[in-house]
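Worksheet for the structure shown next.
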Amino acid sequence: MGRNRPVVLVGPMAVGKSAVGRSLAQRTGARFVDSDRVVAERHGSIPAIFAQQGEPAFRILEAEVVREALALDDVVVSLGGGAVLHPGTQGLLGGATVIFLDTDVETILPRIRGDSGRPLLAERPAERWQELYDERRPLYARLASVIVDTRGLTVREATDAVLRALPERDHAPGTASGPVPDQEPPRRKRYESHGD
């Protein structure tokens with residue numbers, strides 16, 4: 001693919017950043033990095049890190065993984081929901097194409113019920129998810145090059161929407177399932193779901 005800007009997926013917990021990121025990487029021939037997975041491989045389970053070291057320590061480990069990932073050629077990176085809270089991570093994203101996968105609690109709820117791998121949702125998962133979303137959404141939107149609304153979309157459909165939203169130079173030939181949008185700048189362009 002040559003040297004393209006890294007593509008980084010941000011958004012709330014359980015929106016599908018890992019699944020969409022993996023699909024996007026496969027379809028564009030890029031490598032894929034899931035920051036949560038790398039942190040867990042290196043340092044142990046995320047709930048254990050939170051319990052033993054606290055969230056600030058986790059964010060430092062996470063920021064280091066993000067820094068390494070963004071130095072790679074032709075990479076798609078999915079970030080944990082709170083990764084954007086770390087100032088170092090925010091600074092790193094300035095050199096990337098940042099895709100904010102947006103959603104709502106009704107879409108997320110079936111995915112987070114009984115999920116013990118998300119320490120910040122340990123109690124009252126729906127209410128806590130909504131609180132975190134409301135707190136973080138302005139930050140996601142501020143950092144985003146593009147916002148893609150994933151409500152009602154399958155992983156494939158969400159990947160299609162991301163491919164359509166990417167700047168043309170971030171496409172590998174023949175990867176998009178639809179036309180690239182007109183020459184409007186992609187910043188803050190919103191792709192709404194009109195699924196059945």
Closest heavy-atom contact between [X] and [Y]?
X	Y	value
Ala69	Val75	O-CG1, 3.5 Å
Val146	Ala165	CG1-CB, 3.3 Å
Val148	Ala161	CG1-CB, 3.7 Å

Apply salt bridge (charged side-chain N to carboxylate O under 4.0 Å, His left out) to the pair Asp36 and Lys17, showing each step before the final yes or no. CA-CA 11 Å; Asp36 279 350; Lys17 298 181 295 291; over 6 Å; no

In the structure I gave you, are the side-chain heavy atoms of [X] and [Y] within less than 4.5 Å of one another anywhere?
X	Y	value
Arg31	Leu72	yes
Leu101	Val20	yes
Glu62	Leu79	no
Val7	Leu166	yes
Pro12	Leu132	no
Leu70	Val77	yes
Ile99	Val8	no
Gln90	Arg142	yes

If you round to the nearest 0.5 Å, how far is [atom2] of [Y] from [atom1] of [X]?
X	Y	atom1	atom2	value
Thr97	Arg5	OG1	CZ	4.5 Å
Met13	Tyr133	CE	OH	13.0 Å
Arg151	Thr103	CZ	OG1	7.0 Å
Leu163	Arg156	CG	CZ	9.5 Å

Can you tell me if CZ on Arg22 sees more than 12 non-hydrogen neighbours from other groups inside 6.0 Å? yes

Side chain of [X], backbone of [Y]: donor and acceptor closer than 3.5 Å?
X	Y	value
Ser23	Ala19	no
Arg59	His86	no
Thr159	Val155	yes
Thr150	Leu153	no
Ser35	Ser78	yes
Asp74	Asn4	yes
Gln52	Ile49	no
Tyr140	Phe100	no
Trp129	Ile108	no

In sequence, state the C-alpha distance, the side-chain angles, and the governing distance for Leu139 and Leu85, and then conclude on side chain to side chain contact (heavy atoms under 4.5 Å, CB included). CA-CA 8 Å; Leu139 185 53; Leu85 300 174; 4.1 Å; yes

Could Asp102 and Arg137 be called an ion pair, given the rule that one side-chain N must be under 4.0 Å from one carboxylate O? yes

Identify whether the distance between the nearest side-chain nitrogen and carboxylate oxygen of Glu68 and Arg42 falls below 4.0 Å. yes

Are Phe50 and Ile60 joined in one hydrophobic group, where the rule is that I, L, V, M, F, W and Y side chains link up if heavy atoms are under 4.5 Å apart? no

